[in-house]
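Report on the following structure.
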Number of protein chains: 2
Amino acid sequence: MADVARQAGVSTATVSFVLNGTKAVTPEVRRRVEHAVKQLGYRPSHAAQTLRTGRSLAVGLIIPDLTNPFFPKLAQDVEQEARARGYTVLLADSHDDAELQRQHLETLEQRGVDVLLVVPAVGTTGTLRAGVPLIALDRSVGQTPLIQSDKWQGGALAARHLTDLGHREIAVLAGPDRNGVAGERVRGMTETLAASGVVLKEQRMYHSEYSVEAGRAGAHRLLEMAPGFTALLAANDTLALGALSALNDSGVSVPDDVSLVGFDDISWAALSSPGLTTVRQDTRQMARQAIEQALAPEAAAARLAVVDTTLVVRGSTAAPRTAAPRVLAGGRA
Amino acid sequence: MADVARQAGVSTATVSFVLNGTKAVTPEVRRRVEHAVKQLGYRPSHAAQTLRTGRSLAVGLIIPDLTNPFFPKLAQDVEQEARARGYTVLLADSHDDAELQRQHLETLEQRGVDVLLVVPAVGTTGTLRAGVPLIALDRSVGQTPLIQSDKWQGGALAARHLTDLGHREIAVLAGPDRNGVAGERVRGMTETLAASGVVLKEQRMYHSEYSVEAGRAGAHRLLEMAPGFTALLAANDTLALGALSALNDSGVSVPDDVSLVGFDDISWAALSSPGLTTVRQDTRQMARQAIEQALAPEAAAARLAVVDTTLVVRGSTAAPRTAAPRVLAGGRA
DNA sequence: TTGAAAGCGGTACCAC
DNA sequence: GTGGTACCGCTTTCAA
C-alpha cells in the first residue's frame with residue numbers, strides 16, 4: 001500500500017479513502033491511485049484489514065455430514081447468498097460429532113468469522129453460544145435462534161399422502177432418538193396419522209442415525225420384527241434410499257408391496273427406481289433467510305424463521321394392494 | 001494478550017514464548033501464564049498472527065461441484081489430513097466455471113491461505129498460478145503440479161472387464177471434450193479396447209459435461225443414433241447413474257441388454273439397482289499425497305503423484321446375450 | 001531467562 | 001480534500 005501511495009504521489013490514508021470510498025476525493029487523485037493499484041497489481045491484505053477493523057467478511061458454516069447430499073446443496077446455497085453480499089464462507093464438517101463441532105466452532109471464531117451458521121451435530125446439548133452471532137440451521141438445539149423448514153408440516157404432508165392413498169399399516173424410520181422426544185418431522189407424521197385414526201405400533205418405529213446403512217438395517221429390522229405394513233415413512237432421504245435398497249434385496253416390491261416416502265428431496269431421490277416420493281426442503285430459501293438474519297445489523301437474532309416444504313410425488317408410492325384407496329371409498333378426494 | 005501478561009505479571013513477549021514454546025521459560029512463569037490464560041479464556045487472534053508471521057495455517061481447496069458426491073468425499077479427506085497437521089481448510093465451489101474459479105483463487109490468496117489445492121474447472125486453460133504453492137488435484141491443467149489417480153489404468157481396467165466378458169460393441173459417455181484431446185480415462189478405455197481388436201465407432205462416443213442429466217441425455221442419444229451396443233462405459237459415476245436411469249426408462253435392461261461401467265465409485269453407485277460396476281478412486285490417498293506435497297517444506301512441487309485405482313464389480317455388468325463370453329471361447333480367463 | 005520495542009498492512013482520527 | 005500518525009494483536013530481534 002505504501003508502494004501504491006508513493007507511485008500515486010499521495011499518502012496511504014488517501015489510498016485507503018479511494019479504495020474504500022470512505023471519504024470524498026478529487027477525481028484526478030482517484031484516477032492516479034486507481035492507476036497505481038492496477039499497475040502494481042496491489043491487493044489489500046485481508047489479515048491486516050481484519051485486525052484493524054475487527055470484521056472479516058466471512059461467515060462460518062458448520063454442517064454435520066458432507067456425505068449427505070442435502071448439506072452440500074445447502075452449503076452451495078449459503079455460499080451463493082453470502083457471496084452476493086461480499087462474504088466468503090468457511091465450511092467445516094462436524095461428522096455429527098459434538099466434540100468436533102466444538103473444535104470447529106472455536107477455530108472458526110478464532111479465525112475471525114463475523115457470524116456462525118451451524119447445523120447442530122446430533123449429540124449437541126444445551127444452547128450453542130459463541131462470541132459472534134450464531135444461528136442454527138435445519139436442526140433445533142436449546143435456545144439457539146433457528147432457521148428451518150416447517151418440518152411438522154412436511155411430516156404431515158407425507159403422512160397425509162399415505163392415508164389419502166388408503167394406507168393404514170404404516171412403519172417409520174424415525175432417525176435419531178432424542179431422548180424420547182421425537183423430531184418435528186416424526187411428530188408431524190404421527191399426529192397426522194392419529195388424526196386419521198391410524199395408530200402407530202411401537203415396534204413399527206425404528207430409531208437410528210441418518211445414513212444409508214442405517215436405512216437398510218432399519219428396513220430389514222422392521223420387515224422381520226413387525227411385518228405387515230404397507231407403507232414406510234423415512235425421516236430423510238438417505239434412510240429412505242437405504243431402505244429402498246434393502247426392500248429390493250428382500251424381494252419386497254416398491255410400491256406394489258410397500259409404499260415409501262422420504263424427506264429432503266436430495267438429487268438422487270429422483271434417480272432411484274422407482275423414483276422416491278419425498279418432501280422437498282427449500283434449501284435456497286433457508287440459506288437466504290439465514291444469511292439475511294445473520295447479517296442484519298439489527299439481528300436481535302431471536303427470530304425463528306420457518307420455510308415451507310412441498311410434497312414431490314414419484315413412483316415409490318401407490319395405493320395398497322389390499323385395501324381400496326380412500327378416495328374410492330368416498331373420502332375427500 | 002496484554003491482559004494475560006498483566007495478570008501473570010510478565011511481559012507480552014514472555015506470554016508469546018510460553019504459548020508457542022519459542023523459548024525456554026522458568027516452570028514457575030509458565031505456570032503463572034498458563035493459569036492466566038485459562039482464567040481469562042484467552043484466545044490468540046488469528047488475524048494478528050497471520051499478519052505478523054505471514055502464515056495462516058490454512059489451505060484453500062477449490063472443487064468444481066459440491067453436488068457430485070465424489071468431491072465432498074475428497075474434501076472430507078483433505079480436511080482430515082489437513083486437520084491432522086494443524087491446518088484448516090477453506091473450501092470453495094467453482095461450479096466448474098473458470099471465471100468463478102479465478103475469483104475464488106484471488107479471494108483465498110488474499111485471505112492468506114498458505115497453499116492452494118484445486119480441482120480445475122473444466123474450462124480452465126493454461127497453467128494455474130498463484131502467489132502461494134498451488135497443486136492441482138484430480139484433473140490436469142497445463143504445467144500445474146498434479147496429484148491424481150492413474151486414470152489411464154482405471155479406464156483400462158473398465159475396458160478390460162468388458163472385453164473379458166465378451167463385449168465387442170461398446171459405447172462411451174466420454175465427459176467433456178477437451179478440444180479433441182480425450183481425457184486419460186477415455187484414452188485408457190479406447191486404447192485397451194483397440195488392443196483387443198475392438199474399434200470404437202465415432203458415433204458411439206458422446207461428449208458432455210459431467211452430470212446426471214447429461215448422462216441421461218447421452219444414453220438416449222446413443223440408443224437413438226448408434227444402437228446395437230452391448231456395453232456402455234461412462235467417464236464418471238454421475239454420467240453412469242444418469243444413463244442407468246435413462247436405460248431403465250427406455251426399457252433397456254441392465255445388465256441383460258446393456259452392461260454399464262462407471263468411474264469414481266461414489267457412495268450412490270452401490271445403491272442403484274442393479275449396483276453399478278465402477279472404477280474406484282482412492283480419495284484418501286489422493287488427499288494425503290496432496291497435503292503432504294503441499295505442506296512439504298522442500299515442495300519443489302513439480303512432482304506429479306499418481307495413485308492406483310481398483311475395479312469394483314457389481315450387478316451392472318454381465319456377459320452379452322448375443323455372443324458367448326470370451327472366457328468360454330477359450331480366451332485368457 | 002525475561003523485557004522493551006519495532007513492525008506486519010491496513011484504517012481512521014485529527015490537523016492542516 | 002489530503003497527510004501524518006497512532007494503533008489493531010501478535011512475533012521476534014536485541015539488550016539487560
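Just so we're on the same page: letters track the sequence lines, and every chain starts at 1. Worth saying up front: this structure is predicted, and the values here are computed from it rather than measured.
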When all nucleic acid strands are considered with a 4.0 Å heavy-atom cut-off, which category describes [X]: base, sugar-phosphate, or nothing?
| X | answer |
| --- | --- |
| A/Gly9 | sugar-phosphate |
| A/Val15 | nothing |
| A/Thr12 | base |
| A/Arg43 | sugar-phosphate |
| A/Arg30 | nothing |

Would you call [X] and [Y] a salt bridge, using N to O less than 4.0 angstrom?
| X | Y | result |
| --- | --- | --- |
| B/Asp96 | B/Arg139 | yes |
| A/Glu109 | B/Arg43 | no |
| A/Lys151 | A/Asp138 | yes |
| A/Arg31 | A/Glu34 | no |

Length of the line joining [X]:[atom1] and [N]:[atom2], which is rounded to integer Å:
| X | N | atom1 | atom2 | result |
| --- | --- | --- | --- | --- |
| B/Asn20 | D/dG9 | CG | P | 17 Å |
| B/Arg6 | C/dT2 | CZ | P | 19 Å |
| B/Leu19 | D/dT11 | CG | P | 7 Å |

Nearest heavy atom decides the nucleotide; on that basis, is B/Ala13 or B/Leu51 closer to the 5' end of DNA chain D? B/Leu51
With a 4.0 Å limit, can you tell me whether [X] has a side-chain N or O closer than that to the phosphate oxygens OP1/OP2 of [N]?
| X | N | value |
| --- | --- | --- |
| B/Gln49 | D/dG9 | no |
| A/Thr14 | D/dG3 | yes |
| B/Ser11 | C/dG3 | yes |
| B/Ser16 | D/dC10 | no |

Between the side-chain atoms of B/Lys23 and the base atoms of C/dT1, is any donor-acceptor pair under 3.5 Å? no
Is it the case that C/dG7 (base atoms only) and B/Arg52 (side chain only) share a donor and an acceptor within less than 3.5 Å, ignoring hydrogens and angles? yes
Selected nucleotide, minimal atom distance to [X] side chain, candidates [options]:
| X | options | result |
| --- | --- | --- |
| B/Thr26 | D/dC10, C/dC13, C/dT1 | C/dT1 |
| A/Phe17 | D/dG1, D/dT2, D/dT11 | D/dT2 |
| A/Ala48 | D/dT12, C/dG10, D/dC10 | C/dG10 |
| B/Met1 | D/dC10, D/dG3, C/dG9 | D/dC10 |
| B/Val10 | C/dG3, D/dT2, D/dG1 | C/dG3 |

Under 3.5 Å, is there a donor-acceptor pair between the A/Thr50 and A/Arg55 side chains? no
